[in-house]
A.B. asks: 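Can you read through this structure? Questions will come right after.
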Amino acid sequence: MVVLRLPDNSTREAAPGTTAKQIAESIGKRLAQAAIAAKVDGEIVDLNRELPADGEHSFQILTEKDPDALDVLRHSCAHIMARAVMRLFPGAQLAFGPAGDFGYYYDIESPTPIREDDFAKIEAEMKQIVDKAETFDRFELATTEARTLCADLKQALKVEHIDEELKKHPSLSFYRQGEFVDLCRGPHIPHAGKIGAFKILSIAGAYWKNDSTRPQLQRLYGIAFFSQKDLEAYLHRIEEAKRRDHRLLGKQLKLFTISQMVGSGLILWMPKGATVRGILETFIKDELVKRGYSPVYTPHIGRLELYRTSGHFPYYRDAQFPPMYHRPAAGTLDLCQYRLAMGEIDDKREHEYIEYMKQAHMLPPEYINAPSQAAKLDMIHEFVLRLLKELQVVLPEYHRATNHKERADALLKWLMDQEGFLLKPMNCPHHIHIYKAEPHSYRELPIRLAEFGTVYRYEQTGELNGMTRVRGFTQDDAHLFIRPDQVESEFRANIEFVLFIFRTLGLNDYRVRLGFRDPASTKYVGSAEDWDTAQTALEGIVKSLGMSYSAEPGEAAFYGPKIDFVVKDCIGRDWQLGTVQLDYNLPKRFDLEFVGADNKPHRPIMIHRAPFGSMERFMGILIEHFAGAFPLWLAPEQVRVLTVSDKFREYGEKVEAQLRERDVRVTGDFRPDKIGAKIREAQLDKIPYMLVVGDKEQTTGTVAVRSRSAGDRGVLPIAEFMEELETEVKCKSLTPTV
RNA sequence: GCCGCCUUAGCUCAGUGGUAGAGCAAUGCUUUCGUAAAGCAUAGGUCCUGGGUUCGAAUCCCAGAGGCGGCUCCA
């Protein structure tokens, strides 16, 4: 017998072979009808699955009310969508079709591409399937037979997946619904009729197994709910969220613009946006001074050598603006040197390299078709020989070299004499050289160098997005040079600083991500011991602060682990804002030292940190957070004086001048328009306070206050209003107080 | 970078091969008004760019640029 512990902590015994559905029926008829799936020891299973034969297990029937049930429903809806697609697009092959908060999708490879125009047709077919309310039936096959079945169904991607990953399992499960059979782990809803409402949302490209070297499939996104009402509420919520879009509000409120001529991904801050940014910068600067930081300024470019030493170049070559050399030949030779130095490379790197060559217009057609990597390297070598000759570069060491590695070294040596520059992709190397400019005693540490440092990264075109993903941005950056015994206190202080800023701005909806090294990846530098030390230290600090977090391997910076504060934008995409990163690596690369109490040299540890992340991204998220309605202390225009008619212009100007005198960001709307029109405009501009002035106010020296959020607040003497205003600004209130 | 969609006045958008349109904004005049839109008039165009098909292209075809939604990437 098996013992099942129900959510109310009562227990129930069942004979071997009993299904969850039977248990539900034994509890109550209505529960059985409402049942979607069951949860056994935390694992969601089909209602028709046999329960374990013995032992004690936690057991719960999932109904529409359980969020987990929604995922099951959506996954089943993905199957129904796939079934409809299989009917309408002969020869379609299925890949993966998961569900989650985003809804569901199915990756599909179809000889006839699916287009947006086809959505209605697919939905109509899905509706027929749902109306029939057929059951989902699970069956298992031995893995070899499962492979044969998938092959018979002409599902080559499923076969490939079995061969690559699933073959380690002895048997695999399938679900059948009518004519549609799909390799699937489940679980599923009992029958299609449970789907109350669904909609196909979008279609996009997605790589097979999320691997950019594999073929691209079509990813069909959809959403499903138990009721039509839920679907409508969802669609309404999406529409509302889109109104907060910073790209839209940025335009409407004249905060920033992007010009094709200046370049994509390069933000032009308009006066109002610049005002908000300036206030934020002042806020941060004041806080940093309090916390023992020293301001520094460094240039926007630096010598290539600097970034070769730091490892940023050529490691991130694909994400950087091309290096600048005086000598035209150097750029080309640089690219050749890069290839020769890399030697044997994988497909992905090769693909990237070919892209650089194309951009530089130096890709010989025979390179792509070369039979081997060795042949490719030889080809590059021949190309270099020609270049050296034609461009009259004298480089005897290159000619003396006997292999590609030596040739790469010879070229590098030459390139190092060529004064190449790079738009700076990071501030750290510059700050490091400020540290290195003088010797340091252990007594001076921690040294904290802060700068609003503007960096440039050549992000892929498909990544650019308003202010949240750009090619030039300013980090509220700082680098801390610390002793090993200071790691914990400094790291902790920085996390607390980030939290302080988030709290001040009311940003409560964020998650904390610990970025750790993925031991399987080669992209990380430094020793495994250093990584372990750093990661253990970091996790310990976060735990001791009692924060909930997710530790994610593969999310670390290449030089060290980090903690990121991640927020969502108006359509649910994750963006990294604040970040604190621990770095044992760059101090080594730059040979940083301090003199210890033992009068011997010691190596400092670095912390990189940026509470906002970048001014651009932070501003973008902040616009969405406040839906453009900035609190008084941040509002670019805090007060607008509105005259009831032209007759009160003089008094309006007087009020405006008085406020300006007290550093209020104020404007006056003295046009001969109706007051209602002026109010409407000020509301749309999201001005926190409107001051209506007319006959009454003029005679009594008062203003009629209207708040953006609360409407008419009545009449106040000017002095009193200004006092209230100043208090509200001073305490950085998030809600209006007048 | 890849897949798909989009690009018409400052903004939001109509316009399916035959004279380039609307609303809002702008400008001018009238109105002097009390808490979310006063009235009239005027001006405003490289229909993203380049090529092609056609007697004729905003409209059809090709290439490119930019934007949007995904994917990959994100120091």
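In what follows, chains carry the letters A, B, and so on, assigned in the order in which the sequence lines appear, proteins first and then strands, with residues in each chain numbered from 1.
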A.B. asks: For A:Tyr559, which contact category applies under a 4.0 Å heavy-atom criterion: base, sugar-phosphate, or nothing?
C.D. replies: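 Sugar-phosphate, backbone atoms only, no base.
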
A.B. asks: Would you indicate whether A:Glu650, at its atom CD, is surrounded by more than 12 heavy atoms from other residues, nucleotides or ligands within a distance under 6.0 Å?
C.D. replies: no

A.B. asks: Classify the nucleic acid contact of A:Arg214 as base, sugar-phosphate or nothing, counting any heavy atom under 4.0 Å across all strands shown.
C.D. replies: nothing

A.B. asks: Mind checking A:Gly676 for me? I need base, sugar-phosphate or nothing, with any heavy atom below 4.0 Å counting as a touch.
C.D. replies: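 Here A:Gly676 touches the backbone only, sparing every base.
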
A.B. asks: Would you please indicate yes or no on a ring centroid separation below 6.0 angstrom for A:Tyr316 and A:Tyr307?
C.D. replies: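 A:Tyr307 vs A:Tyr316: aromatic centres not under 6.0 Å.
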
A.B. asks: Evaluate the side chain to side chain contact (heavy atoms under 4.5 Å, CB included) criterion for residues A:Leu306 and A:Phe590: first the C-alpha distance (whole Å), next the side-chain angles of each, then the deciding distance (0.1 Å), finally the verdict.
C.D. replies: CA-CA 9 Å; A:Leu306 180 64; A:Phe590 283 97; 3.8 Å; yes

A.B. asks: When the distance from CD1 of A:Ile108 to P of B:C71 is rounded to whole Å, what number comes out?
C.D. replies: 16 Å

A.B. asks: Please report the distance separating the P of B:G10 from the corresponding atom of B:G52, rounded so that it comes out in whole Å.
C.D. replies: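 So the two P atoms sit 28 Å from each other.
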
A.B. asks: Base, sugar-phosphate, or nothing: which does A:Gln320 touch, judged by heavy atoms less than 4.0 Å apart?
C.D. replies: base

A.B. asks: Distance between the P atoms of B:U12 and B:A20, in whole angstroms?
C.D. replies: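 Those two atoms are separated by 24 Å.
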
A.B. asks: What I want to check is whether an N or O donor and acceptor connect the side chain of A:Arg469 with the base of B:C73 at under 3.5 Å.
C.D. replies: yes

A.B. asks: Out of B:U35, B:A75, B:U31, which has the shortest distance to the side chain of A:Lys562?
C.D. replies: B:A75

A.B. asks: Mind checking if A:Gln260 touches a base, just sugar-phosphate, or nothing, with heavy atoms under 4.0 Å?
C.D. replies: sugar-phosphate

A.B. asks: For B:A57 and B:G18, measure between their C1' atoms and round to the nearest Å.
C.D. replies: 10 Å

A.B. asks: Will you find, in the side chains of A:Glu637 and A:Thr667, an N or O donor that is under 3.5 Å from an N or O acceptor?
C.D. replies: yes

A.B. asks: If I pick the C1' atom on B:G21 and the same atom on B:A43, what distance separates them, to the nearest angstrom?
C.D. replies: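 Roughly 16 Å separates the two C1' atoms.
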
A.B. asks: On RNA chain B, check which nucleotide each of A:Ala677 and A:Gln475 is closest to and give me the residue with the more 5' one.
C.D. replies: A:Ala677

A.B. asks: Please report whether the ring centroid of A:Phe481 lies less than 6.0 Å from that of A:His431.
C.D. replies: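 Not under 6.0 Å, so no.
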
A.B. asks: Base, sugar-phosphate, or nothing: which does A:Asn210 touch, judged by heavy atoms less than 4.0 Å apart?
C.D. replies: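 Here A:Asn210 touches the backbone only, sparing every base.
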
A.B. asks: On RNA chain B, does the nearest nucleotide to A:Glu116 precede the nearest nucleotide to A:Ala556 from the 5' side, or the other way round? Give the residue.
C.D. replies: A:Glu116

A.B. asks: Quick one: which of B:U35, B:U32, B:A36 gets closest to the side chain of A:Ser645?
C.D. replies: B:U32

A.B. asks: Using the P atom in both, what is the distance from B:A37 to B:G4, to the nearest Å?
C.D. replies: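 Looking at atom P only, B:A37 and B:G4 are 47 Å apart.
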
A.B. asks: Among B:C73, B:G69, B:C2, which nucleotide sits nearest the side chain of A:Asn465?
C.D. replies: B:G69

A.B. asks: Looking at B:C71, B:G34, B:G66, which one has an atom nearest to any side-chain atom of A:Lys696?
C.D. replies: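 Closest nucleotide among those given: B:G34.
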
A.B. asks: Using a distance-only criterion (donor-acceptor N/O pair, under 3.5 Å, no hydrogens), is the base of B:G1 paired with the side chain of A:Tyr458?
C.D. replies: no

A.B. asks: Counting the atoms with a prime plus P, OP1 and OP2 as sugar-phosphate, which does A:Gln581 contact under 4.0 Å by heavy atoms, base, sugar-phosphate, or nothing?
C.D. replies: sugar-phosphate

A.B. asks: Does A:Arg219 make a side-chain N or O approach to OP1 or OP2 of B:G69 shorter than 4.0 Å?
C.D. replies: no

A.B. asks: As a test of reading the structure: which of B:U31, B:A36, B:G1 is closest to the side chain of A:Leu684, going by heavy atoms?
C.D. replies: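 Nearest listed nucleotide: B:A36.
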
A.B. asks: Output the pairing pattern of RNA chain B as a dot-bracket string, 5' first, Watson-Crick or G-U wobble with both distances under 3.5 Å, | for cross-strand pairs, [ ] for crossing pairs.
C.D. replies: (((((((..((((....[..)))).(((((.......))))).....(((((..]....))))))))))))....

A.B. asks: Mind calculating the distance between CZ (A:Arg349) and C1' (B:C73) to the nearest angstrom?
C.D. replies: 12 Å

A.B. asks: Base, sugar-phosphate, or nothing for A:Ile258, non-hydrogen atoms under 4.0 angstrom?
C.D. replies: nothing

A.B. asks: Indicate, with a heavy-atom threshold strictly under 4.0 Å, whether A:Lys251 touches base, sugar-phosphate, or nothing.
C.D. replies: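 Sugar-phosphate contact only - A:Lys251 comes under 4.0 Å of backbone atoms but never of a base.
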
A.B. asks: Counting neighbours of CG on A:Asp211 that are heavy atoms of other residues, nucleotides or ligands and sit closer than 6.0 Å, is the number greater than 12?
C.D. replies: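 For A:Asp211, atom CG is crowded (more than 12 foreign heavy atoms under 6.0 Å).
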
A.B. asks: In terms of side-chain geometry, is the basic nitrogen of A:Arg706 or A:Asp712 positioned less than 4.0 Å from the acidic oxygen of its partner?
C.D. replies: no

A.B. asks: Output the single nucleotide from B:C3, B:G1, B:C33 whose closest atom is nearest the side chain of A:His351.
C.D. replies: B:G1

A.B. asks: Among B:G1, B:C33, B:G69, find the nucleotide with the atom closest to the side chain of A:Lys647.
C.D. replies: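 For A:Lys647, the side-chain atoms sit closest to B:C33.
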
A.B. asks: Please classify the nucleic acid contact of A:Ala204 as base, sugar-phosphate, or nothing, using heavy-atom distances under 4.0 Å.
C.D. replies: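 Answer is base: heavy atoms of A:Ala204 come under 4.0 Å of a base.
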
A.B. asks: Mark this stacking check for A:Tyr316 against B:A75 as yes or no, applying ring centres under 5.5 Å and ring planes under 30°.
C.D. replies: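 So A:Tyr316 counts as stacking on the base.
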
A.B. asks: Pick the C1' atom in B:A26 and in B:U16, then give their distance to the nearest Å.
C.D. replies: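 The answer is 33 Å between these two C1' atoms.
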
A.B. asks: Among B:U35, B:G34, B:A65, find the nucleotide with the atom closest to the side chain of A:Glu697.
C.D. replies: B:G34

A.B. asks: Between B:G1 and A:Thr461, is there an OP1 or OP2 to side-chain N/O distance shorter than 4.0 Å?
C.D. replies: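 Yes, because at least one side-chain N or O of A:Thr461 sits under 4.0 Å from OP1 or OP2 of B:G1.
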
A.B. asks: To the nearest angstrom, how far is A:Glu352 atom CD from B:G1 atom P?
C.D. replies: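 About 13 Å, once rounded to whole Å.
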
A.B. asks: Does the gap between the ring centers of A:His161 and A:Phe96 come in under 6.0 Å?
C.D. replies: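 Yes; A:Phe96 has its ring centre under 6.0 Å from that of A:His161.
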
A.B. asks: Quick check: are there more than 12 heavy atoms from other residues, nucleotides or ligands sitting under 6.0 Å from NZ of A:Lys654?
C.D. replies: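 Incorrect, the count does not exceed 12.
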
A.B. asks: Is a donor-acceptor contact shorter than 3.5 angstrom present between the side chain of A:Gln216 and the base of B:C2?
C.D. replies: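 Between B:C2 and A:Gln216, which were checked side chain against base, a qualifying N/O pair under 3.5 Å is present.
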
A.B. asks: Between A:Asp245 and A:Arg243, does at least one N-O distance fall below 4.0 Å, as a salt bridge requires?
C.D. replies: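 Here A:Asp245 does not pair with A:Arg243 in a salt bridge, since their nearest N and O are not under 4.0 Å apart.
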
A.B. asks: For A:Arg457 and B:C74, is the shortest distance between a side-chain N/O and OP1 or OP2 below 4.0 Å?
C.D. replies: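 Checking B:C74 against A:Arg457, no side-chain N or O comes under 4.0 Å of OP1 or OP2.
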
A.B. asks: Is A:Ser202 close enough to B:G69 that one of its side-chain N or O atoms is under 4.0 Å from OP1 or OP2 there?
C.D. replies: no

A.B. asks: With a 4.0 Å cut-off on heavy atoms, is A:Ala682 in touch with a base, just the backbone sugar-phosphate, or nothing at all?
C.D. replies: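 Counting heavy atoms under 4.0 Å across all strands, no contact is made by A:Ala682.
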
A.B. asks: If you measure from the P atom in B:U32 to the same atom in B:C47, how many Å do you get, rounded?
C.D. replies: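 So the two P atoms sit 44 Å from each other.
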
A.B. asks: Check the surroundings of atom CZ in A:Arg115: do more than 12 heavy atoms from other residues, nucleotides or ligands lie under 6.0 Å from it?
C.D. replies: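 Not buried by this count: 12 neighbours or fewer within 6.0 Å.
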
A.B. asks: At under 4.0 Å, does any side-chain N or O of A:Lys674 touch on OP1 or OP2 of B:A37?
C.D. replies: no

A.B. asks: What does A:Ser212 touch in the nucleic acid at a heavy-atom separation under 4.0 angstrom: a base, only the sugar-phosphate, or nothing?
C.D. replies: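 A:Ser212: backbone/sugar contact only, no base atoms under 4.0 Å.
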
A.B. asks: Using atom C1' in both nucleotides, what's the gap between B:A9 and B:C13 to the nearest angstrom?
C.D. replies: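 B:A9 and B:C13 have their C1' atoms separated by 11 Å.
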
A.B. asks: Side chain of A:Ile679 only, heavy atoms from C-beta on: which candidate in B:C71, B:U35, B:A75 is closest?
C.D. replies: B:U35

A.B. asks: Can you check whether A:Lys209 has a side-chain N or O nearer than 4.0 Å to OP1 or OP2 of B:C71?
C.D. replies: no

A.B. asks: Could you give me the CA-CA distance, side-chain angles and deciding distance for A:Asp669 and A:Arg671, then say whether side chain to side chain contact (heavy atoms under 4.5 Å, CB included) is met?
C.D. replies: CA-CA 6 Å; A:Asp669 184 349; A:Arg671 295 171 305 171; 3.0 Å; yes

A.B. asks: Regarding A:Arg706, tell me which of base, sugar-phosphate or nothing describes its non-hydrogen contacts under 4.0 Å with the strands shown.
C.D. replies: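 Base contact - A:Arg706 has a heavy atom under 4.0 Å of at least one base atom.
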
A.B. asks: By the 4.0 Å heavy-atom rule, please label A:Ile114 as base, sugar-phosphate, or nothing.
C.D. replies: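 Answer is nothing: A:Ile114 stays at 4.0 Å or more from every strand.
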
A.B. asks: In whole angstrom, give the distance that lies between atom CD1 of A:Ile675 and atom C1' of B:A37.
C.D. replies: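 After rounding, the gap between these two atoms is 13 Å.
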
